[in-house]
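Working notes, beginning with the structure itself.
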Amino acid sequence: MARELTGQAFKVCLIESGGIRYDGRTQALARGELAGDFGFPLDETRVRGFGGTTAIWQGACRPLDAFDFEPHDWVPFSGWPFGRSVLDPYYARAQAVCEIGPPTYELQDWEESDAQRLPLDPRWINTHVFQISPPTRFARAYRQAIFSAPNITTLLYANVLDIETTDNARVATAVRIGTLSGTRFRVGARFFVLAVGGVEAPRLLLASNRQNAKGLGQEHDLVGRFFMDHPRLESAVLHLDDAPARMRLYSVHASQRVAPPTAIEGFLSIASETLAKERMVRCAFQVPPHWRSYPEFHSKGVMALRQIGWAIRARHIPYQWPHRLRTVLAGARAVALTGLRRLGEARTSRAEFVLTACGEQSPNPESRVVLGSTRDQFGAPQARLDWQLSEIDLRSIRRANEILASAVEAAGIGHVTSLIDSNGKSRKLRSGFHHMGTTRMHRDPTQGVVDPDCRVFGMANLFIAGSATFPTGGYANPTLTIIALALRLADHIRDQLCNGPPVNIC
Ligand SMILES: Cc1cc2nc3c(=O)[nH]c(=O)nc-3n(C[C@H](O)[C@H](O)[C@H](O)COP(=O)(O)OP(=O)(O)OC[C@H]3O[C@@H](n4cnc5c(N)ncnc54)[C@H](O)[C@@H]3O)c2cc1C
């Protein structure tokens with residue numbers, strides 16, 4: 001958003017908790033309490049630093065489908081206040097921000113003679129394409145543009161502690177800032193945008209409780225509710241009769257259909273016609289490299305090694321590196337096995353593929369972020385996350401397995417065996433690290449925290465950017481949609497500042 005607003009006649013102040021380099025004390029501010037099914041420490045799933053979590057993201061990009069924006073009578077609280085066409089122009093601009101190819105996700109635009117879809121009945125299973133960003137590290141790619149813009153001031157190591165408002169809590173007047181060295185100050189503005197992630201946004205709204213004890217935007221007790229992530233699970237094995245010739249489209253590869261070649265990856269997705277008939281939420285299958293499908297790949301040791309690798313690739317000192325190194329050493333067996341499998345894979349010609357089910361989570365008001373009892377370095381309550389899946393979420397993954405199995409058998413190209421037991425779970429359920437829904441968007445203030453312009457209901461000048469505003473999250477990774485919404489919000493704020501009525505801050 002800051003980059004979009006460079007060169008304007010108004011001033012922008014970008015307030016960032018971290019610095020350019022990883023900083024352990026700042027990163028610790030992302031800590032939180034966990035309850036429920038969520039198994040991953042919060043401070044390991046978000047990066048406190050300039051450029052945010054794009055320092056470690058993997059770059060998988062796909063817009064939500066038109067189907068994801070529609071209300072579905074079998075999914076409570078589903079439906080966006082607008083359709084996909086409203087975001088189309090912004091998705092096109094977001095592609096460039098993520099340094100990926102043209103804004104088409106039509107399969108025929110990406111298929112090549114040696115990368116063709118599996119011949120499955122399209123009423124049951126469709127092949128979907130993701131484009132894979134280099135991945136763009138936003139801090140590196142866009143720092144220069146932001147730092148050199150005369151109308152943008154960037155404050156690093158500046159933590160927003162809470163939002164001050166007029167007495168009636170209708171207009172934000174300033175944010176209160178604290179640094180870990182003890183400095184305190186305020187920044188006032190005409191418009192405020194919280195772009196702090198799906199856990200921190202509700203935490204800040206709830207913690208801003210001076211004028212209204214309930215917090216901001218909390219008139220209808222919705223702030224922090226409807227937390228959604230993308231449940232992931234190794235759910236099935238696909239056995240193919242003629243595998244190597246069939247599966248190139250489903251591995252990350254450079255497509256030569258566009259210039260310059262763009263990295264893409266195919267997924268097997270349950271068709272919308274079947275979703276409606278079966279009353280399911282979305283589910284798609286990724287076909288990861290075989291060495292990633294063993295339980296050891298998801299062990300603590302391998303995860304710690306991957307985290308060290310992500311940090312080094314982003315040219316950061318790894319967060320809590322002594323602890324992570326100890327975790328790698330303690331998990332040396334799993335690390336070695338995974339390494340050996342990875343090396344051996346190039347030499348094996350596979351006929352079996354362990355599929356990762358990437359599910360949608362339906363909106364659930366009991367799945368939520370609240371203020372916890374532990375305090376951070378500023379004495380403010382940390383977030384407490386209670387991630388709750390619903391029956392439909394796990395049923396949909398189970399049923400998706402069965403539908404894929406029927407489609408593969410009907411096509412006569414192999415068979416599918418399920419890895420899910422009768423309780424609906426197999427290997428450990430994982431999260432996609434996608435924090436969505438906690439300040440959901442709606443037309444009706446009794447059903448959402450922000451309006452379709454991402455403005456907090458009841459507040460004249462406080463906006464939210466990020467996946468916290470998603471009413472539903474489909475199955476695709478969220479960042480391309482986050483960027484599309486941020487570009488739309490940047491346009492809206494530019495328009496308000498240049499053409500809109502003045503905001504009354506008295
Ligand atoms: C390992 C991993 C892999 C991922 N891979 C993918 C992928 O392949 N595709 C995809 O689409 N998504 C992926 N994601 C998710 C993606 O990283 C997030 O969706 C995206 O970064 C969210 O953007 P954001 O700007 O909303 O939040 P963030 O990127 O987290 O940025 C929030 C910013 O706010 C700052 N901040 C927070 N609190 C405060 C405060 N109180 N005061 C001041 N500043 C504050 C932070 O320092 C940070 O700069 C991945 C995530 C992880 C962890």
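Every value quoted in this text rests on a predicted model; they were computed, and no experiment measured them. Just follow the structure's listing: the first ligand is 1, and inside any ligand the first atom is 1.
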Looking only at heavy atoms, what is the nearest atom pair of [X] and [Y], with distance?
X: Gln218; Y: Leu206; result: NE2-CD2, 3.6 Å
X: Gln377; Y: Ala28; result: NE2-CB, 4.0 Å
X: Ala2; Y: Leu14; result: CB-CD2, 4.1 Å

For [atom], what is the nearest protein heavy atom, given as residue, atom name and distance?
atom: atom 36 (N) of ligand 1; value: Val196 CG1, 3.8 Å
atom: atom 2 (C) of ligand 1; value: Phe433 CD1, 3.7 Å
atom: atom 38 (N) of ligand 1; value: Glu200 CG, 3.2 Å
atom: atom 6 (C) of ligand 1; value: Gln58 N, 3.7 Å
atom: atom 29 (O) of ligand 1; value: Thr53 N, 2.8 Å
atom: atom 8 (O) of ligand 1; value: Ala60 N, 2.9 Å

Taking 4.0 angstrom as the limit and counting only heavy atoms of [X], give me the atoms of ligand 1 inside it, by number and element.
X: Ile15; result: 43 (C), 44 (N)
X: Gly59; result: 7 (C), 8 (O)
X: Val47; result: 46 (C), 47 (O), 48 (C)
X: Ile56; result: 1 (C), 2 (C), 3 (C), 53 (C)
X: Asn159; result: 42 (N)
X: Thr45; result: 53 (C)

Can you find an N/O atom of [X] closer than 3.5 Å to an N/O atom of ligand 1?
X: Trp57; value: no
X: Asn477; value: yes
X: Arg203; value: no
X: Val160; value: yes
X: Leu204; value: no

If you take the nearest heavy atom of each of [options], which one is closest to [atom]?
atom: atom 49 (O) of ligand 1; options: Gln27, Arg48, Glu16, Met1; value: Glu16
atom: atom 34 (O) of ligand 1; options: Ser17, Ala195, Gly52; value: Ala195
atom: atom 27 (O) of ligand 1; options: Gly197, Gly49, Pro478; value: Gly197
atom: atom 11 (O) of ligand 1; options: Ile483, Thr479, Leu485; value: Thr479

Determine whether any heavy atom of [X] lies closer than 4.0 Å to an atom of ligand 1.
X: Ser467; value: no
X: Ile132; value: no
X: Ser133; value: no

Checking side-chain polar atoms at under 3.5 Å, does [X] have a donor or acceptor matched by the opposite partner on [Y]?
X: Gln131; Y: Thr262; value: no
X: Tyr91; Y: Thr481; value: yes
X: Tyr142; Y: Thr136; value: no

For the pair [X] and [Y], find out whether any cationic side-chain nitrogen is under 4.0 Å from an anionic carboxylate oxygen.
X: Glu265; Y: Arg62; answer: no
X: Arg384; Y: Glu33; answer: yes
X: Arg176; Y: Asp162; answer: yes
X: Arg494; Y: Asp491; answer: yes
X: Glu296; Y: Arg341; answer: yes
X: Arg93; Y: Glu4; answer: yes
X: Asp65; Y: Arg282; answer: yes

Donor-acceptor pairs are to be reported for all side-chain atoms of residues 321-328 against protein atoms at under 3.5 Å, with residues two or more places apart or in another chain.
from, atom 1, to, atom 2, distance (Å)
Arg324, NE, Gln307, OE1, 3.1
Arg324, NH1, Tyr319, O, 3.3
Thr327, OG1, His323, O, 2.8

Original post:
From atom 42 (N) of ligand 1, is the closest protein heavy-atom distance below 4.0 Å?
Top reply: yes
**OP:** In sequence, state the C-alpha distance, the side-chain angles, and the governing distance for Asp376 and Arg31, and then conclude on salt bridge (Lys or Arg N to Asp or Glu O under 4.0 Å).
**Re:** CA-CA 8 Å; Asp376 68 12; Arg31 282 188 189 146; over 6 Å; no
Taking non-hydrogen atoms only, is [X] closer than 4.0 angstrom to ligand 1 via side chain, backbone, both or neither?
X: Ile482; result: side chain
X: Leu161; result: neither
X: His434; result: side chain
X: Arg46; result: side chain

**OP:** May I ask you to decide if the ring planes of Phe267 and Tyr475 are parallel, tilted or perpendicular, using 30° and 60° as cut-offs?
**Re:**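 If you compare the ring of Phe267 with that of Tyr475, the planes turn out tilted.
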**OP:** Look at the rings of Phe463 and Phe191 and say which category their plane angle falls in: under 30° parallel, 30 to 60° tilted, over 60° perpendicular.
**Re:**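 Rings of Phe463 and Phe191: tilted, as their planes differ by 30° to 60°.
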